[in-house]
2 protein chains.
Amino acid sequence: MEASTRRARRHDPDRRDKLIAATLDIIAEHGVAGVSHRTVARAADVPLGSTTYHFTSLDDLLAAAFTRHADSIAGVFEERMRAAPDRAAAIESVAEHISGDLLDANHDLVLSVELYGAAARKPVLRAVTQAWMRRSREALEHHFDPTTAREVDALIEGLVLHSALSTDPMTPAQVRAALHRFLP
Amino acid sequence: MEASTRRARRHDPDRRDKLIAATLDIIAEHGVAGVSHRTVARAADVPLGSTTYHFTSLDDLLAAAFTRHADSIAGVFEERMRAAPDRAAAIESVAEHISGDLLDANHDLVLSVELYGAAARKPVLRAVTQAWMRRSREALEHHFDPTTAREVDALIEGLVLHSALSTDPMTPAQVRAALHRFLP
DNA sequence: CCTCCATGTGTACGAGCGTACATAACGATC
DNA sequence: GATCGTTATGTACGCTCGTACACATGGAGG
């Protein structure tokens with residue numbers, strides 16, 4: 001342990017992570033408007049000063065949180081597409097993805113929509129959504145041509161949103177039917 | 001002028017309307033987080049007290065503003081669908097709708113996305129989005145069967161969102177192609 | 001013309017906000 | 001074990017916030 005551990009951190013195992021996780025929880029429950037240094041610090045059970053130490057500003061914290069969220073969802077989707085052996089299996093995976101085993105209606109969805117709203121106004125976050133969209137499209141391109149991938153990506157977005165906001169959401173069978181109409 | 005004008009308002013031609021319009025402008029520019037009694041009053045050029053007089057709370061004002069927005073968009077879309085003489089014309093109208101002559105990227109879109117985000121957390125606003133979705137679907141049903149209408153409604157949502165958030169948005173021709181793939 | 005009361009406004013209060021910054025805590029180095 | 005500099009925290013400041021509420025104001029009924 002000479003040169004290798006020279007730069008080891010003192011005694012902060014995962015403060016940054018805890019702060020980001022707490023931020024995401026707050027956004028999911030109260031929206032971006034509910035995020036403040038104090039609410040985050042309370043939720044993460046850390047002192048107030050810790051939030052300004054690890055993130056230079058609130059915007060910085062929000063960007064980190066949204067980046068983590070987008071990366072997480074994109075990673076799971078990529079994994080699903082990579083695991084699908086063929087086109088039919090890929091379609092089935094997409095249907096499952098939409099029907100909500102991943103986007104459990106009241107957490108990930110709110111995070112995604114809040115991200116869209118913030119991204120529409122802040123260039124930094126716009127870059128996050130774009131990277132996410134690109135990864136989704138590329139994952140779909142393992143099974144579909146680029147044009148189709150792009151269109152299906154948009155269709156997924158719309159189906160997820162409508163499913164989440166509707167009191168009468170589409171059943172998994174209806175979702176599958178819609179996909180198969182698009183991908184005969 | 002006896003009984004009929006007894007209940008006429010004193011000298012407030014359209015204060016409520018001005019407040020709602022100002023609120024929508026602020027949401028479009030700064031998000032729901034930017035809405036406060038003071039920012040709205042300043043934007044509408046009315047005294048602070050006027051905001052609490054016409055709306056019992058901020059949530060009340062936000063609900064009124066989002067309702068106005070949803071009604072407005074739904075109304076325009078209904079009109080477009082009603083005006084389309086046949087199925088082909090309807091598809092063309094939908095394509096134009098998506099390609100942005102209506103949702104000019106940085107105003108109506110932000111409003112819609114902010115509404116989605118708020119609706120995912122507040123039941124009152126959820127009702128607003130549901131009424132909007134129902135009207136859209138019914139408008140589409142002038143030209144398509146209910147199942148198709150529902151699927152196209154979702155597709156529209158996804159295409160609008162992706163167009164708005166992408167630096168490389170789909171061209172009108174690509175949007176048209178996607179629609180025709182779904183509606184051969 | 002006077003009175004009255006619904007309609008509309010200005011001010012004030014307590015709370016919470018982002019952020020700066022002086023200071024404490026503590027591992028590494030000698 | 002003494003020193004030092006990075007890492008981390010508590011406190012304080014100036015500001016904006018939502019909302020309550022006392023007061024102005026001006027048309028309607030006498």
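Letters A, B, ... mirror the listed sequences (proteins, then strands); counts begin at 1.
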Side chains of residues 18-31 of chain B: which donor-acceptor partners sit under 3.5 Å, not counting sequence neighbours?
from  : atom 1 : to     : atom 2 : distance (Å)
B:T23 : OG1    : B:L19  : O      : 2.7
B:D25 : OD1    : B:H107 : NE2    : 3.2

Exercise. Looking at A:H37, does any N or O in its side chain come under 4.0 Å of the phosphate oxygens OP1/OP2 on C:dC17?
Worked result: no

For this session: Report yes if a side-chain nitrogen or oxygen of A:S50 is closer than 4.0 Å to either non-bridging phosphate oxygen (OP1 or OP2) of D:dT9; otherwise report no.
Result: yes

For this session: With DNA chain C as reference, determine whether B:Y53 or B:P47 sits nearer its 5' end, using the nearest nucleotide of each.
Result: B:Y53

Problem set entry | Side-chain heavy atoms of A:H143 within contact of A:M81, under 4.5 Å | yes

Exercise. Minimum heavy-atom separation for A:Q130 to B:L165, with atom names?
Worked result: NE2-O, 3.2 Å

Problem set entry | Closest contact, heavy atoms only, B:V128 versus B:F66 | CG1-O, 4.0 Å

Exercise. Is B:T52 touching bases, backbone alone, or none of the nucleic acid, heavy atoms closer than 4.0 Å?
Worked result: base

Problem set entry | A:S136 side chain to A:W132 backbone, donor-acceptor under 3.5 Å | yes

For this session: Verify the cluster assignment for B:L62 and B:L48: are they in a single hydrophobic cluster under the rule of side-chain heavy atoms below 4.5 Å apart?
Result: no

Between [X] ([atom1]) and [N] ([atom2]), how many Å, whole number?
X: B:L48; N: D:dC17; atom1: CG; atom2: P; value: 10 Å
X: B:R38; N: D:dG18; atom1: CZ; atom2: C1'; value: 7 Å
X: A:L19; N: D:dT9; atom1: CG; atom2: C1'; value: 13 Å
X: A:R42; N: C:dG18; atom1: CZ; atom2: P; value: 11 Å
X: B:F55; N: C:dG8; atom1: CZ; atom2: P; value: 13 Å
X: B:L58; N: D:dA20; atom1: CG; atom2: C1'; value: 15 Å

For this session: Strictly below 4.0 Å, heavy-atom distances to any atom of DNA chain D: list the hits from residues 21-36 of chain B, or just say none.
Result: B:V35, B:S36

Exercise. Strictly by modelled atom types, are A:R126 and B:T167 linked by a side-chain donor-acceptor pair under 3.5 Å?
Worked result: no

For this session: Can you check whether any acceptor in the base of C:dG8 is under 3.5 Å from a donor in the side chain of B:R15, or vice versa?
Result: no

